[in-house]
Amino acid sequence: MGIFERDTDIYRDRDALREDYQPEELVGRDEELRAYQTALQPVINAEQPNNIFLYGKTGVGKTAATRYLLSHLKEDVKQYEDIDFNLVFLNCDGLISSYQIATRLVNELRDDSNQISTTGYPRSSVYEMLWEELDELGGTVLVVLDEVDHVQDDSILYQLPRARANGNLSSTKIGIIGISNDFSFRDDLSPKVKSSLCEQEIHFPAYDADDLQKILTQRATVAFYDDVLDDAVIPLCAAYGAKDAGDARQSIDLLMKTGDIARDDNSEIVTEEHVERGRRNLERGRIEEGINGLTQHGHLVLYALLTLDLEQETPVRSRDIRPRYSLFAERAGRDPLVPRRMRDHLSELAMLGLISVTERNEGRRGGTYREYDMDMSPELILSALDDVLNDVGVHESVKQHLISDTESEETTALTDFS
DNA sequence: CATCCACTGGAAAGATAGGTAA
DNA sequence: TTACCTATCTTTCCAGTGGATG
């Protein structure tokens, strides 16, 4: 008998819940799609394409709409022989500078044998290479920059649309599609960039719970067999996504996680309880991911706050976190950071949603300061912080906590440290 | 109403670590 | 090897903030 066995399945096609799944129809985005299509029309007419700027919160269908329309465009363009259409798609997540974008674009355009490193070249030579590659391509080129709001300086957003006017490109017609999660990004652009990049703007509003239910139903019909979903499942997942952002991605992820959990259970139907477990599971993943991305000092600061929390000292101001943090830093054999920097780490933790901040102002006697509090359960954070525990040892308060809470199995393994 | 507390958060500059090119 | 690139994390400095207080 083998180790592996095919699951008794509730899924007809689980892939329909994945991020890269392309549905036949986009639900609830009719108006936006129409505007988008109009903006893309010049490509078909073999004219200089518009620069298009899409904005809206995460998971409201910006990228999906782009993929959907551009794949159709690519098809439809084939019937006209005089159009040479090329598409460059780049997700700018994690890219902070124009320089990085330029290098990625060059790599995107070149074949694998000829890639360049992402650091080291003078800025101007990277741009040189970029113009060269673009010009070689010829025809109409659409450059899609997904999540452009991550970029801090806008030099490339200035350079790209004007490359032709500046004589860097001779034959290629270039159009830029910028996709941004952050509406204020547009306002922060310098006026000259704004005028060229934002020729056509399309706003994607958040989905409401109704839209989300329709979307989930559409996906679920493909993904699951009939009648395996409890009636409450889809509304619950929709509510989860609608709660703070109208985010379809979040809802669909939850639906998939829920389905996976039900399948693990060998359950033949998916219930409300599976949704609840799925929600917790996603939350946990989010925390671990956040913590893993921090530096060691970030961990030390978090651990300091955690121990203070277990001692019921929270909410606590940064001044009072510092001695504890310094102690841990020294035990870990690192020089403690200067207070200013420690506060930066605290702000970062707050941004990840791991801790919460309250601003206080006691006026003339107390001045303005911020108070920090744990937002997550200590167990969850401890399990993601095990490397710190190795370095500084388990603090007294954590030991206390673990003794008083004997059910927690995965953390009891750590009590051996001194 | 002006003052002032004690922190916040922006900015500049340093240190270090990666890379190319010649 | 030297000369030059950028990225990332850090320190240093300091103007700004806003509500209680006199």
Side-chain angles (χ1 to χ4, degrees), chain A residues 90-110 112-133 147-159 182 184-185 187-190 290-305 308 313-326 328-330 332-352 355-373 387-388 391:
Chain A
L90 181 69
N91 189 320
C92 305
D93 189 17
L95 308 180
I96 314 178
S97 63
S98 291
Y99 182 89
Q100 290 181 324
I101 297 203
T103 57
R104 301 306 146 96
L105 281 176
V106 170
N107 280 341
E108 193 79 14
L109 291 164
R110 290 192 173 175
D112 292 340
S113 59
N114 206 8
Q115 302 273 297
I116 60 171
S117 152
T118 53
T119 57
Y121 296 97
R123 174 186 296 258
S124 59
S125 29
V126 175
Y127 280 146
E128 270 317 308
M129 292 184 229
L130 183 55
W131 307 141
E132 215 168 277
E133 294 301 325
E147 315 199 38
V148 278
D149 47 322
H150 289 117
V151 186
Q152 312 252 311
D153 78 306
D154 48 16
S155 104
I156 191 144
L157 301 178
Y158 179 65
Q159 297 280 346
D182 181 3
S184 62
F185 173 73
D187 299 326
D188 295 339
L189 291 172
S190 61
I291 291 180
N292 284 335
L294 296 172
T295 61
Q296 191 193 7
H297 282 296
H299 291 163
L300 291 168
V301 172
L302 180 59
Y303 188 45
L305 186 63
L308 288 167
E313 299 287 332
T314 49
V316 57
R317 47 161 69 190
S318 71
R319 185 169 59 184
D320 301 325
I321 300 175
R322 191 162 164 75
R324 180 65 55 89
Y325 156 73
S326 303
F328 288 163
E330 264 163 47
R334 306 290 303 267
D335 291 335
L337 295 176
V338 103
R340 173 72 182 85
R341 187 68 189 130
M342 196 188 81
R343 289 204 308 270
D344 274 348
H345 278 118
L346 283 168
S347 311
E348 202 181 337
L349 292 171
M351 211 140 64
L352 287 169
I355 69 182
S356 61
V357 192
T358 333
E359 230 154 282
R360 313 254 328 202
N361 191 337
E362 313 238 307
R364 201 169 181 172
R365 245 207 330 245
T368 318
Y369 59 93
R370 307 170 85 195
E371 280 185 334
Y372 299 89
D373 205 344
D387 64 319
V388 180
D391 287 339

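Keep in mind that the numbers below use all heavy atoms, side chains included, and drop hydrogens, waters and symmetry copies. Below, read A as the first sequence line, B as the second, and so on, with proteins coming before strands; counting in each chain starts at 1.
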A.B. asks: Measure OH/Y127(A) against C1'/dC5(C) and give the value in whole Å, please.
C.D. replies: 14 Å
A.B. asks: What string of B, S and - do you get for nucleotides 13-22 of chain B 5' to 3' if you count protein non-hydrogen atoms under 4.0 Å?
C.D. replies: ------BSS-
A.B. asks: Might you point out which heavy atoms bring E147(A) and C92(A) nearest each other, and give the distance in Å?
C.D. replies: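 E147(A) and C92(A) have their closest heavy atoms at O-CB, 3.5 Å.
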A.B. asks: Would you mind reading off the distance between D320(A) atom CG and dA6(B) atom C1', rounded to a whole angstrom?
C.D. replies: 13 Å
A.B. asks: Does atom CG of D335(A) have more than 12 heavy-atom neighbours from other groups under 6.0 Å away?
C.D. replies: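 Not more than 12 within 6.0 Å, no.
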A.B. asks: How long is the line joining OH of Y369(A) and P of dG18(C), in whole Å?
C.D. replies: 16 Å
A.B. asks: For R322(A) and V338(A), which heavy atoms make the closest approach, and how far apart are they?
C.D. replies: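 Of all heavy-atom pairs spanning R322(A) and V338(A), the closest is NH1-C, 4.0 Å.
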A.B. asks: Check every strand shown and say whether S318(A) touches a base, only sugar-phosphate, or nothing at a heavy-atom separation below 4.0 Å.
C.D. replies: sugar-phosphate
A.B. asks: Find the distance N361(A):CG to dT17(C):P and express it as a whole number of Å.
C.D. replies: 13 Å
A.B. asks: Would a 4.5 Å heavy-atom cut-off, applied to side chains only, mark S318(A) and L346(A) as touching?
C.D. replies: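 Side-chain contact under 4.5 Å: yes.
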A.B. asks: Applying side-chain contact (heavy atoms from CB on, under 4.5 Å) to L294(A) and L352(A), what does each step give before you reach the verdict?
C.D. replies: CA-CA 10 Å; L294(A) 296 172; L352(A) 287 169; 3.9 Å; yes
A.B. asks: Starting at the 5' end of DNA chain B, which residue's closest nucleotide do you reach first, R364(A) or Y372(A)?
C.D. replies: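 Its nearest nucleotide lies further toward 5', so the answer is R364(A).
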A.B. asks: Give me, pair by pair, the N or O atoms of the protein and of nucleotides 8-16 of chain C that are less than 3.5 Å apart, along with how far apart they are.
C.D. replies:
{"unit_1": "dT10(C)", "atom_1": "OP2", "unit_2": "R341(A)", "atom_2": "NE", "d": "3.2"}
{"unit_1": "dT10(C)", "atom_1": "OP2", "unit_2": "R341(A)", "atom_2": "NH2", "d": "3.0"}
{"unit_1": "dT11(C)", "atom_1": "OP2", "unit_2": "V338(A)", "atom_2": "N", "d": "3.1"}

A.B. asks: Nearest to the side chain of R365(A) - dC7(B), dT8(B), dT21(C)?
C.D. replies: dT21(C)
A.B. asks: I want to confirm an ordering. Mapping R370(A) and G367(A) to their closest nucleotides on DNA chain B, which one lands closer to the 5' end?
C.D. replies: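 The residue closer to the strand's 5' end, by nearest nucleotide, is G367(A).
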A.B. asks: With heavy-atom distances below 4.5 Å as the criterion, would you say the side chains of L308(A) and R324(A) are in contact?
C.D. replies: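 They are in contact (side-chain heavy atoms under 4.5 Å apart), so the answer is yes.
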A.B. asks: Atom CG in L105(A), atom CE in M129(A): separation rounded to 0.5 Å?
C.D. replies: 13.0 Å
A.B. asks: What is the distance, to the nearest angstrom, from the CD atom on E362(A) to the P atom on dC7(B)?
C.D. replies: 11 Å
A.B. asks: Which value, rounded to the nearest 0.5 Å, describes the distance between N91(A) atom CG and R104(A) atom CZ?
C.D. replies: 11.0 Å
A.B. asks: Please set out all donor-acceptor pairs under 3.5 angstrom arising from side-chain atoms of residues 296-304 of chain A, sequence neighbours excluded.
C.D. replies:
{"unit_1": "Q296(A)", "atom_1": "OE1", "unit_2": "R334(A)", "atom_2": "NH1", "d": "2.3"}
{"unit_1": "Q296(A)", "atom_1": "NE2", "unit_2": "D391(A)", "atom_2": "OD2", "d": "3.2"}
{"unit_1": "H297(A)", "atom_1": "ND1", "unit_2": "Y325(A)", "atom_2": "OH", "d": "3.0"}
{"unit_1": "H299(A)", "atom_1": "ND1", "unit_2": "D387(A)", "atom_2": "OD2", "d": "3.4"}
{"unit_1": "H299(A)", "atom_1": "NE2", "unit_2": "I291(A)", "atom_2": "O", "d": "2.7"}
{"unit_1": "Y303(A)", "atom_1": "OH", "unit_2": "G393(A)", "atom_2": "O", "d": "3.3"}
{"unit_1": "Y303(A)", "atom_1": "OH", "unit_2": "H395(A)", "atom_2": "N", "d": "3.0"}

